[in-house]
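A short worksheet on the structure shown next.
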Amino acid sequence: ERVVNAVFPGRLLAVVEAQQVDTADLAEEVAAGLDAGKPVLVQGAESLEVSAVASVLDVAHGAGGWLSLTFRQPYGAPLDSPGLRHLEAAGVPVAVLPPLRSRTQDLERALPELASRLGGGRVHGLSPALVTRLLREPWPGNYHDVSAVLTEMIGLANGSELSLDD
């Protein structure tokens with residue numbers, strides 16, 4: 001969100017969960033966000049058929065604006081899906097990010113801010129022991145898994161700093 005707000009000041013990011021939107025409505029959802037001048041993020045694009053990806057690309061080309069699609073891959077699986085191959089064939093730049101488990105330095109920097117944001121200002125830090133423990137986890141679901149764990153911990157927290165006891 002911070003990157004989006006820096007590039008698009010005063011605009012909110014429109015997030016579309018591909019699994020929660022009917023394929024027939026996906027292009028309309030993307031178009032609505034782009035027409036409102038919002039950058040659009042389509043999460044879970046790995047579940048889309050090639051025709052749905054093509055429809056989204058057509059809408060984006062017609063409307064202009066910023067569009068990003070995320071493709072999550074199971075741990076150890078090859079980075080390959082029909083939708084991703086369609087993007088590459090259409091000349092759309094594809095950036096492959098290594099999984100969070102191999103970027104512990106990113107996770108270490110993100111944890112305090114993520115906990116603060118998820119805690120609505122109620123949480124102001126994480127104990128060093130908790131950070132060490134969280135860095136040892138494999139995080140197969142990357143950011144979503146980390147967020148879910150922190151959200152649960154925040155609900156159980158007794159103080160303003162999350163610890164192993166939470």
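Quantities reported herein were computed from a predicted structural model and do not represent experimental measurements.
Side-chain contact between Val15 and Val42: absent, with no pair of heavy atoms (C-beta onward) separated by less than 4.5 Å.
Counting non-hydrogen atoms of other residues, nucleotides and ligands closer than 6.0 Å to CD of Glu152 gives a total of 12 or fewer. Counting non-hydrogen atoms of other residues, nucleotides and ligands closer than 6.0 Å to CD of Glu108 gives a total of 12 or fewer. Within 6.0 Å of the CG atom in Asn158, the count of heavy atoms belonging to other residues, nucleotides or ligands does not exceed 12. In this structure, Arg122 places its CZ atom where more than 12 heavy-atom neighbours from other residues, nucleotides or ligands lie under 6.0 Å away.
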- [ ] Report the C-alpha separation of Met153 and Val149 in whole Å, then their side-chain angles, then the decisive distance to 0.1 Å, and conclude whether the side-chain contact (heavy atoms from CB on, under 4.5 Å) test is met.
- [x] CA-CA 6 Å; Met153 292 180 76; Val149 167; 4.0 Å; yes
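Note that the OG atom of Ser55 and the CG atom of Asp25 stand 11.5 Å from one another [nearest 0.5 Å]. To the nearest 0.5 Å, atoms CD (Glu46) and CD (Gln19) are separated by 5.5 Å. Summarising the geometry, atom OG belonging to Ser147 is positioned 7.0 Å from atom CZ belonging to Arg117; distances are rounded to the nearest 0.5 Å.
In terms of the salt bridge (Lys or Arg N to Asp or Glu O under 4.0 Å) criterion, residue partners of Arg109 (sequence neighbours excluded) are, by chain and number, Asp106. In terms of the side-chain contact (heavy atoms from CB on, under 4.5 Å) criterion, Asp58 has no residue partners (sequence neighbours excluded).
Closest approach of Val146 and Leu114 over heavy atoms only: CG1-CD2, 3.8 Å. Across every non-hydrogen atom of Ala115 and Leu162, the tightest pair is CB-CD1, 4.2 Å. Considering every non-hydrogen atom in both Ile154 and Gly119, the closest pair reads CD1-N, 3.5 Å. Nearest heavy-atom pair across Thr23 and Ala52 is CG2-CB, 3.5 Å.
When atom types are taken as modelled, the side chain of Thr70 and the backbone of Gly44 share a donor-acceptor pair closer than 3.5 angstrom. Between the side chain of Ser116 and the main chain of Pro112, no donor-acceptor pair closer than 3.5 Å is present.
In summary, of the residues considered (Val59, Leu41, Val16, Val56), a side chain to side chain contact (heavy atoms under 4.5 Å, CB included) with Leu67 occurs for Val56 alone. Put simply, the residue from Leu134, Thr132, Leu126, Leu130 that forms a side chain to side chain contact (heavy atoms under 4.5 Å, CB included) with Leu164 is Leu130.
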